[in-house]
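Sharing a structure with you now.
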Amino acid sequence: MASVSLESVSKVFPGNVLAVNNIRLHVKDGEFLVLLGPSGCGKSTTLRMIAGLDEVTEGEIRIGDRIVNGVAPKDRDIAMVFQNYALYPHMSVYKNMAFGLELRYGGNGLHRTWKRLTSPTEAANVAAKRRGIREAVRQTAQALNIEHLLDRMPRQLSGGERQRVALGRAIVRQPAVFLFDEPLSNLDATLRLEMRRELGELHQRLSTTMVYVTHDQTEAMTLGERIVVMNCGEIQQIGSPTEVYDRPESRFVAGFVGSPPMNFVPGGLATSAERHSFVAPGLNLVLSEKRSPTLAALEEQQDVELGVRPEDIIVERCETYGGVNCGSVSLIEPLGDCKLLHIAVGSQQISNDFKTTEVQRNEAVRLVCKVGPRANVTIGDCVRLRFNAENIHLFDTTSGDNLTLDRG
Ligand code: ATP
């Protein structure tokens, strides 16, 4: 086991493509850390630099106490599992899993004969370790439930089985660090769920440092002890799943983490009797007093963007339209365990006369709200919205910074 540190690391590809820009990151010994971000944000490049598959342009990478810039991948004591499994097609499952250890302990027959002649004690040690390979492979295969597949070739396996073999090949080597590059994205939804659980259990059992790349935020939230959210080659936020979900430092993180995504509404800040409110057409949200010290520093009527998660909006049916925070249900998406309601908030006309013109409808503020699976609502219903003030965020319209976070 080992920690992994990246100190001011950048990667520029030929053609002046800045893939990773000056990132600092410390993965604790035994930690499960997830790199999360949209396609092209630099997560795979970061992982590949840790693995030694891409050279670092600037900065320093350490595995444990050792600076590994310039150290060959095979000498870094890491094992990497890829999205496409990368199994050797001409080798059986057993050979695939044993290959790394066989290389480590003795190489080819000629090399071993030479060792026996030149240093018999070392050769005897190596021979003992080679005898242990079969047992190590068998035990790992048993843990992953692929023992019965050891004699098959990769082409005779399903996608899930191949992924298990790829995992097994990494585990059997007992590396100091596991690196995963979207290892589950080729699997169907059910298998992904199963493998996700197995990966979580594997980490608990082995307690080995794991760095895991994904663009799937559910995977990141369920597997990661900490998540690193990346965008455009830079780290946006590092935190536990709860921190990045509840305390996003920027609009980018707030919008990327969470499904369905957070609602964003442009508007302004108003203050009356020392209470702060967010105002937009048809909306007036009184903000939590806990946020007052942070909000007091902002200018009255400053342009801001509201961020509110679908589960933080409470929807109540009402008979007639009545002022602010009212709207009408324009779409219902039943998801089984909940329903998503799309609410058009705004002018009375839009709410009362749902069949207004497209132009008028587009002008309304649209919010997605999460309600219980058996909520009794139909399209066109008049609703009143209440907001969980503790969980409301305001973002700077220029920098995207979260203005409601107490950063002290
Ligand atoms: P994805 O989820 O799609 O794999 P990613 O976040 O892993 O994306 P990277 O593969 O790290 O992104 O790529 C980061 C940026 O570097 C992208 O703009 C990509 O086009 C660029 N890039 C990656 N590899 C190379 C390369 N060999 N040569 C030039 N540019 C590259």
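Side chains included, hydrogens not; waters and symmetry mates left out as well; all remaining heavy atoms used. In this chain, residues are counted from 1 in sequence order.
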Asp75 CG: over 12 foreign heavy atoms closer than 6.0 Å: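 Yes, enclosed.
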
Atom CG of Asp188 with >12 non-hydrogen neighbours under 6.0 angstrom: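 Counting neighbours around CG of Asp188, more than 12 heavy atoms of other residues, nucleotides or ligands fall under 6.0 Å, so yes.
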
Test item: His26 and Ser5 side chains (from C-beta on) under 4.5 Å apart, heavy atoms: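 SC-SC contact between His26 and Ser5 confirmed.
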
Spatial distance of atom CG (Leu25) from atom CG (Leu6) [nearest 0.5 Å]: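 Going from the CG atom of Leu25 to the CG atom of Leu6 covers 5.5 Å.
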
Heavy-atom donor-acceptor pair, Lys370 side chain to Cys338 backbone, under 3.5 Å: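 Checking the backbone N and O of Cys338 against the side chain of Lys370, no donor-acceptor pair under 3.5 Å is found.
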
Expected output: side-chain Asn263 to main-chain Val368 donor-acceptor under 3.5 Å: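 Yes, the answer is positive, given that a donor and an acceptor are paired below the 3.5 Å cut-off.
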
Intermediate values then yes/no, salt bridge (charged side-chain N to carboxylate O under 4.0 Å, His left out), Glu305 and Arg251: CA-CA 9 Å; Glu305 196 167 17; Arg251 188 194 188 284; 2.7 Å; yes

Neighbour count above 12 (heavy atom, 6.0 Å) for Glu60 CD: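 Enclosed: over 12 neighbouring heavy atoms sit under 6.0 Å from CD of Glu60.
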
Residues Lys28, Glu225; criterion salt bridge (charged side-chain N to carboxylate O under 4.0 Å, His left out); working and verdict: CA-CA 10 Å; Lys28 293 176 226 157; Glu225 288 172 284; over 6 Å; no

Within 6.0 Å of CZ in Arg374, more than 12 heavy atoms from elsewhere: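 At most 12 heavy atoms, drawn from other residues, nucleotides or ligands, come within 6.0 Å of this atom.
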
Heavy-atom closest pair, residues Arg162 and Pro154: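 The answer is NE-O, 3.1 Å.
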
CG-CZ distance between Asn231 and Phe256, expressed to the nearest 0.5 angstrom: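 Reported to 0.5 Å precision, the distance equals 8.0 Å.
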
Six-ring centre of Phe99, Arg169 cation under 6.0 angstrom, axis tolerance 45°: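 Negative - Arg169 is either too far from the ring of Phe99 or too far off its axis.
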
Heavy-atom pair with the smallest gap, counting every atom of Ala280 and Val265: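 What the structure gives for the nearest pair is CB-CG1, 4.0 Å.
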
Ring geometry between Phe32 and Tyr212 (parallel below 30°, tilted from 30 to 60°, perpendicular above 60°):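 The rings of Tyr212 and Phe32 sit tilted, inter-plane angle from 30° to 60°.
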
Check: Thr209/Glu31 side-chain N/O donor and acceptor closer than 3.5 Å: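 Side chains of Thr209 and Glu31: no pair found under 3.5 Å.
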
Min side-chain heavy-atom separation Arg24-Val9 under 4.5 Å: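 No, side chains not in contact.
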
Minimum heavy-atom distance Asp77-Pro175, with the two atoms named: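 Shortest heavy-atom separation between Asp77 and Pro175 comes out as OD1-CA, 3.5 Å.
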
Arg134, CZ: over 12 other non-hydrogen atoms inside 6.0 angstrom: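 Atom CZ in Arg134 is not crowded, with 12 or fewer foreign heavy atoms closer than 6.0 Å.
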
Nearest non-hydrogen partners of Leu18 and Val12, listed with the distance: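 Smallest interatomic distance, heavy atoms only, reads CD1-CG2, 3.8 Å.
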
Any Leu36 side-chain heavy atom under 4.5 Å of Lys43 side chain: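 No; the side chains remain at least 4.5 Å from each other.
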
Within 6.0 angstrom of Asn145 CG, more than 12 heavy atoms from elsewhere: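 No.
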
Atom of Pro241, atom of Gly224 and distance for their closest heavy-atom approach: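 Looking at all heavy atoms of both residues, the closest pair is CG-O, 3.3 Å.
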
Pairwise side-chain contact, Leu341 with Leu331, heavy-atom cut-off 4.5 Å (strictly under):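 Result no, sub-4.5 Å side-chain heavy-atom pair not found.
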
Non-hydrogen side-chain atoms of Asp216 and Leu184 separated by less than 4.5 Å: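 Sidechains of Leu184 and Asp216: no contact.
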
Whether Asn325 side chain and Arg384 backbone form a donor-acceptor pair below 3.5 Å: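 No, Asn325 side chain to Arg384 backbone: no donor-acceptor pair under 3.5 Å.
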
Gap separating the NE2 atom of His90 from the NZ atom of Lys95, nearest 0.5 angstrom: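 Separation between the atoms: 10.0 Å.
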
Arg62 side-chain N/O to Arg66 backbone N/O, donor-acceptor pair under 3.5 Å: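 Looks like no, no N/O pair under 3.5 Å.
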
Expected output: side-chain Arg309 to main-chain Tyr245 donor-acceptor under 3.5 Å: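 Such a contact is found between Arg309 side chain and Tyr245 backbone.
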
No-hydrogen, no-angle side-chain donor-acceptor test under 3.5 Å, Asp181 and Ser44: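 Yes, a side-chain donor-acceptor pair sits under 3.5 Å.
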
Leu149 CG to Ser92 OG distance, which is reported to the nearest 0.5 Å: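 With rounding to 0.5 Å, CG (Leu149) is 11.0 Å from OG (Ser92).
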
Non-hydrogen atoms of Gln217 and Gly258 that approach each other most closely: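 Shortest heavy-atom separation between Gln217 and Gly258 comes out as OE1-N, 2.8 Å.
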
Validation row: Asp381, Ser328 side chains within 4.5 angstrom (heavy atoms):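 Sidechains of Ser328 and Asp381: no contact.
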
Crowding at CD, Glu201 (>12 non-hydrogen neighbours, <6.0 Å):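 Above 12, so yes.
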
Trace of the side chain to side chain contact (heavy atoms under 4.5 Å, CB included) decision for Glu333 with His342: CA-CA 8 Å; Glu333 294 180 278; His342 293 241; 2.6 Å; yes

Arg173 (side chain) donor-acceptor with Leu101 (main chain) under 3.5 angstrom: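 Side chain of Arg173 to backbone of Leu101: no pair is present.
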
Glu55, CD atom: more than 12 neighbouring heavy atoms under 6.0 Å: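 Count not over threshold, so no.
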
Side-chain heavy-atom pair Val244, Arg226 within 4.5 angstrom cut-off: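 Val244 vs Arg226: side chains apart.
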
Close side-chain approach of Thr57 to Phe13, heavy-atom, < 4.5 Å: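 No, side chains not in contact.
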
Value rounded to 0.5 Å, distance of CD in Glu234 from SG in Cys41: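 SG of Cys41 is found 11.0 Å from CD of Glu234.
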
cation_pi(Arg138, Tyr94) dist<6.0 Å, angle<=45: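 Arg138 over Tyr94 ring: no.
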
Reported CD-to-CG distance for the pair Glu311 and Asn391, which is rounded to 0.5 angstrom: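 Here the rounded value is 8.0 Å.
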
